[in-house]
Amino acid sequence: MAKLSVNVDHIATIRNARGVLEPDPVAAAVLAELAGADGITIHLREDRRHIHDRDVEVLRQTIKTRMNLEMALTDEMIAIALKTLPDSVTLVPEGRHELTTEGGLDVLLLQNTLKQKIALLQQAGIIVSLFIEPDIEQIKASHKVGADYMEIHTGMYCEVRTETARREQLRRIELAISAARKLGLGINAGHGLDYRNISRVVALSGIEEFNIGHSIISRAALVGMERAVREMVELLKG
Ligand code: PXP
């Protein structure tokens, strides 16, 4: 069965809307773990719009499953990762004006820097994943620069509106899974996945872990964190 890492960024978004201390992403992480999450994901953005440095530090001490830190490829973030030592780092592209991560990393373009920074993180015992589009050239380049995992960007699959386009995107994901398998690259996936669109991706099989945030936190606002996580865990059973 595929694993679930719950992204709790948007609990921090709600907290920050009032500039107070609640709701706390640390409490959300505890509830997600109690409901069966295999890991907790947070994205420390350069502008600190949701997760703050304090959250990273406290979560490192309180997460009992695995901590996945999403971050941009900057010297500041690399230094924070080396100090905090999350179980894994997922490198993502980051633009200040985007609402959420748009598009995958261009591994081909960033090859030299990536190779060096990935080695640095791995020497510290951190597993490194690259968030990329389901594109064969990007997958080959991810393997070449020494990444442990790729995280397939599922955004396009989630956004398209016709059945033909959806099938086309699922096919891209399927080909990406098979290419990564041949190279021995680990396979995660995420972005835009929700309670309606997840099952067809689970059915492809071969994805080790899903990183899901917005849909779970949205549902949690209405039905509670434990129920929202438990329902997603059920869907991952396929
Ligand atoms: N994976 C990565 C690399 C992301 O940047 C995000 C968004 O922070 C997610 C997964 C989760 O996406 P969503 O919030 O749409 O589930």
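Just follow the structure's listing: the first ligand is 1, and inside any ligand the first atom is 1.
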- Query: Looking only at heavy atoms, is any part of His10 under 4.0 Å from ligand 1, and if so is it the side chain, the backbone, or both, or is it neither?
  - Reply: neither
- Flag the pair Glu209 / Leu4 as yes when at least one side-chain heavy-atom distance between them is below 4.5 Å, and no otherwise. no
- Task: Go through ligand 1 atom by atom and flag the ones less than 4.0 Å from a non-hydrogen atom of Gly192.
- Result: 12 (O), 13 (P), 15 (O), 16 (O)
- Indicate whether any N or O donor in one side chain lies under 3.5 Å from an N or O acceptor in the other, for Gln169 and Arg172. yes
- Report yes or no: does Ser215 have a heavy atom closer than 4.0 Å to ligand 1? no
- Message: I need the Asn211 CG to His43 NE2 distance, nearest 0.5 Å.
- Response: 12.0 Å
- Item | Salt-bridge present (Asp55, Arg60; N to O < 4.0 Å) | no
- Task: Taking only heavy atoms of Asn7 into account, list the atoms of ligand 1 that are under 4.0 Å away from them.
- Result: 8 (O)
- Indicate yes or no: does Asp75 engage Lys117 in a salt bridge with an N to O separation below 4.0 Å. yes
- Task: Considering the heavy atoms of His214, write down every atom of ligand 1 situated less than 4.0 Å from one of them.
- Result: 13 (P), 14 (O), 16 (O)
- Query: Charged N to carboxylate O below 4.0 Å: is that the case for Arg171 and Glu174?
  - Reply: yes
- Note on the structure: When distances are taken from atom 16 (O) of ligand 1, the protein heavy atom at minimum range is Gly213 N, 2.8 Å
- Where is the nearest protein heavy atom to atom 5 (O) of ligand 1: which residue, which atom, and how far? Thr101 OG1, 2.8 Å
- Query: Which is it for Asn211 and ligand 1 at heavy atoms under 4.0 Å: side chain, backbone, both or neither?
  - Reply: both
- Message: Show the atoms of ligand 1 that are less than 4.0 angstrom away from any heavy atom in Ile212.
- Response: 16 (O)
- Query: Quick one: nearest non-hydrogen protein atom to atom 2 (C) of ligand 1, plus distance?
  - Reply: Glu70 OE2, 3.0 Å
- for atom 12 (O) of ligand 1, nearest protein heavy atom and its distance come out as His191 CA, 3.4 Å
- Between Glu168 and Tyr157, do the side chains contain an N or O donor and an N or O acceptor separated by less than 3.5 Å? no
- Message: For Ser129 and Ser88, which I'm curious about, is there any donor-acceptor pair between the side chains at under 3.5 Å?
- Response: no
- Which ligand 1 atoms are under 4.0 Å away from a heavy-atom of Val92? 3 (C)
- Query: Would you call the rings of His50 and His10 parallel, tilted or perpendicular, where under 30° means parallel and over 60° means perpendicular?
  - Reply: perpendicular
- Query: What part of Glu151, side chain from CB on, backbone N/CA/C/O, both or neither, has a heavy atom under 4.0 Å from ligand 1?
  - Reply: side chain
